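Order of the sequence lines sets the chain letters (A, B, ...), proteins ahead of strands, with each chain counted from 1. The figures that follow rest on heavy atoms only: side chains count, while hydrogens, waters and symmetry mates do not. Note that the coordinates shown come from a computational prediction; the quantities given were computed from them, not determined experimentally.
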Amino acid sequence: MYSDELNSSLNFNSTAISSIFKHNENFVKRDIFISENIPCQIIYISGIADKKEIQEIILKPLLNLPIPNKDIDLIDEVCKRYIYASDITTTNSIKTICSEVLNGKCAILIDGSDKAILCDVKSSNYRAIQESTTEKSILGSKEAFVENIEINITMIQRKIKNPNLKTENFIIGTETNTQIAITYIDGIIDPKVLDKIKTKLLNISVPIINSSGFIEQLLDTRWYNIFPIAKTTEKPDKVALDLVKGKAAILIAEYPGALVVPGTFLEFFQGAEDYSDKVVIASFSRLLRLIAIITIIILEPIYLALLYYNPELFPYELISIIISSRQNIPLPPLLEIFAMDLAVEILREGGIRLPTPIGTTLAIVGGIVIGESATKAGLVSNITLFIVAMTVISTFLIPNYQMTLSIRFIRFPLLLLAQLFGFLGILSGLYFFILILTKMDNFGVEYFSPFMPMRLSDIYDTIIRGPLNKVLKPPKSLQGSNRTKN
Amino acid sequence: MKDVSNKITRFQYMFIIQASMIGLGILSLPSSVCDVAQQSGWIPTLLSGVYPLFITFVGYIIHRNAKFLDFVQLNNKLYGKILSYVICFVFFVYFLLQGSLVTAGFANVLNFSTTKFLSPYSIIIITILLTFLSTNEGLTNIGRLAEFLFPLTVLLIILPLYFINRGDSTNLLPIISDYKLILKAMPDTFFSYSGVEICFFIFPFLTSKKKINIFSAIGSLITITLYTIVVFITIYYCGFNLTSKLQYPLLYLIASSEIPVLSNFEPLFIFLWGAKIFLTVSISGFIVTYIFSQVTKIPYYKSCIVSFGLIFLLSLFFVPDYNRTFFAGLLIPIMFIFVFLWSLISLLLSFIRKGVSK
């Protein structure tokens with residue numbers, strides 16, 4: 001058992017660190033002598049640290065180090081005069097050395113000194129910046145985040161050249177020690193909101209963090225919540241827009257995306273392209289999305305309630321068509337709709353796992369084939385198929401994948417309620433979901449803002465999109481600490 | 001233990017005031033008012049709008065003079081401890097009755113219209129469950145709901161306007177039948193504005209008290225407009241003779257429309273109105289819970305369970321229409337007069353006490 005602090009014996013320090021990396025095949029110790037006879041050791045993890053850089057900026061100058069003056073601090077001298085690395089720190093903590101070495105740094109231990117030099121020689125062997133495959137942009141910037149967190153932060157910094165843009169680092173994941181960075185614009189973000197985000201991040205204690213989905217779930221204490229609380233994006237331009245509006249972005253090492261917090265309900269229905277289009281065109285797109293959402297949620301339940309309990313509410317012209325299409329259909333309406341919905345969901349899930357062109361083909365061909373065969377077999381009526389198809393197509397209008405999943409889910413309990421209580425069931429179900437939304441506070445910001453509480457100044461960027469000069473101002477709804485003034 | 005928050009914004013206050021008055025009155029008001037005032041029924045509806053305006057204005061003055069104390073403390077200050085308990089009890093019963101009468105009436109209307117297959121008792125259970133969930137975390141949540149559901153009121157106003165060119169203007173003539181009849185019909189219309197008395201309780205919870213009278217007036221005027229339009233259009237379309245003979249003339253009017261896809265507006269109306277009813281019952285439930293919790297010092301969440309238990313039991317009792325109309329006819333006017341007198345006396349006392357404290 002070793003203490004956490006280095007002492008002046010290189011042998012002791014080396015053994016202590018080596019014992020921690022005992023079975024790590026990539027752990028490299030390189031012994032050298034500097035200034036003729038002073039033993040020195042270079043420690044790094046092969047693959048994470050860049051060997052060439054170690055040779056050039058550490059080994060070469062160290063091996064040519066002249067005999068030092070006895071009175072000087074050797075560590076300080078080496079740092080200031082001989083190492084070419086731009087990012088250098090010193091430490092006497094073994095724990096810090098181990099975690100930094102795992103982050104791609106190289107540690108230099110010198111005999112007679114109880115400190116180690118840490119140089120940043122992280123390997124830049126990362127995927128190049130490419131266009132996002134999931135968030136295609138027609139008019140906006142093409143670049144998307146990569147797995148390197150530093151490059152990701154740089155991409156944001158390049159877009160926001162503002163000294164108030166701050167980045168704070170955390171380590172989360174008891175086993176993985178994953179670097180998490182939170183970035184925001186000081187002076188725009190509400191300090192209370194920021195504090196809540198940081199507190200929740202610091203309270204996370206799990207062995208591993210792999211993606212933004214992990215962080216999002218761990219930030220939300222309500223396991224039963226079906227709505228996303230943060231927006232995941234691969235695009236730095238979207239993050240920049242959100243930061244300017246007073247949000248924070250959480251970046252995760254080795255993950256090509258950012259989590260934008262706090263999320264509000266309506267923004268999940270707003271596409272990035274909305275801000276590039278003209279006011280009327282963008283507002284029209286948003287209204288179309290609103291109609292699509294209403295269609296997804298209530299079209300099937302209303303059809304079921306009408307068919308099962310209130311057929312008298314169909315007008316005369318329509319009822320004859322419905323009767324003729326439903327003749328000899330053996331399944332009750334609920335099962336009929338469920339069966340079709342299930343088939344579509346299976347196809348969709350299948351499509352996601354396949355390469356994009358095949359997946360799309362499977363979804364379309366599968367949908368047509370299954371729908372056609374189901375109606376021909378007399379299992380499903382034409383009108384049911386039309387209703388289900390309309391619902392499924394409407395889901396494609398929601399720009400955010402997480403919200404699509406939530407909205408798609410809502411219609412299933414509503415279908416059951418419609419089957420049990422007819423129109424009252426649908427009304428109750430919708431009221432219940434509204435209740436959930438009204439009760440949700442997201443890091444101190446109301447989830448349904450700016451409608452609850454009403455913020456007239458923020459209405460311009462909701463179901464319509466107003467002029468850009470009004471839309472791009474930081475919304476008052478995100479100022480959690482001032483929100484009750486009205 | 002659930003977190004309870006009662007803070008509301010001025011907009012939320014306005015929407016709560018507006019929603020608190022919407023109950024069964026919207027369906028049955030044209031009938032009762034036309035029975036007395038005939039084709040001029042819409043005039044007393046409009047004139048009675050002075051009641052919510054008066055109550056909210058007086059409520060504000062009382063609270064301003066008493067420095068926005070909460071309701072129990074306010075009564076303690078104005079009337080002393082014993083009388084304060086009596087007053088709180090009457091208000092408790094008043095809102096308990098309001099909540100249960102509306103719930104039972106809602107169940108009956110649904111049973112009468114789109115959900116004939118469900119028993120009123122099932123409808124009551126669903127309503128009580130949802131309104132309990134709306135109320136159990138305090139007034140803030142109700143304020144947010146009122147804000148969200150406000151656009152439904154606009155739709156409720158627009159819906160009768162569909163009939164604007166389908167009626168017969170002779171149904172409205174002569175515009176003023178008899179001044180005495182108009183005055184005689186006014187008490188009935190006052191009752192349809194009951195519920196606005198919630199303002200006595202919620203002024204202290206406002207985060208900003210600036211220009212409150214404007215917000216009160218707008219909230220009241222929206223409901224006054226809604227009621228007046230409903231009565232006006234019903235008379236215009238059906239005539240006062242038919243209107244006065246129907247139990248729910250507005251439902252009859254709505255069901256007589258012919259539109260594509262759905263045969264009429266009835267399900268849409270039930271949708272919009274039903275959501276407003278959930279809100280109205282939640283508002284009454286909040287007051288019942290609040291008084292109960294303040295007087296007995298039982299935590300809010302537990303009081304909420306008790307209050308909604310009481311509303312549920314009373315609603316079951318009021319399901320038979322005979323019970324509902326009998327008790328509503330007997331108790332509500334008495335309570336109504338009490339509340340009115342309380343507001344007048346409190347207004348006077350608040351000025352006197354204010355002077356004393358100075």
Would you mind checking which part of [X] comes under 4.5 Å of any heavy atom in chain A, side chain (CB onward), backbone (N, CA, C, O), both or neither?
| X | value |
| --- | --- |
| B:L118 | side chain |
| B:L110 | side chain |
| B:F148 | both |
| B:I123 | both |

Answer yes or no: are there more than 12 heavy-atom neighbours, outside [X] itself, under 6.0 Å from its atom [atom1]?
| X | atom1 | result |
| --- | --- | --- |
| B:Y162 | OH | yes |
| A:F268 | CZ | yes |
| A:Y460 | OH | no |
| A:F412 | CZ | yes |
| B:F68 | CZ | yes |

So which residue, B:F150, B:F271, B:F117, ends up with the most heavy-atom pairs under 4.5 Å with chain A?
B:F117
Proximal to chain B - members of residues 417-431 of chain A, heavy-atom separation under 4.5 Å
A:L420, A:F421, A:G422, A:F423, A:L424, A:I426, A:L427, A:S428, A:L430, A:Y431
Starting from the C-alpha separation in whole Å, work towards a yes-or-no answer on side-chain contact (heavy atoms from CB on, under 4.5 Å) for B:L130 and A:F432.
CA-CA 7 Å; B:L130 287 171; A:F432 181 72; 4.1 Å; yes
Going from [atom1] on [X] to [atom2] on [Y], what distance comes out if it is rounded to the nearest 0.5 angstrom?
| X | Y | atom1 | atom2 | result |
| --- | --- | --- | --- | --- |
| B:K116 | A:N310 | NZ | CG | 7.5 Å |
| A:L435 | B:S282 | CG | OG | 7.5 Å |
| B:F278 | A:I434 | CZ | CD1 | 10.5 Å |

If I compare all heavy atoms of A:K439 with all of B:N136, which pair ends up nearest, and what's the gap?
NZ-OD1, 2.9 Å
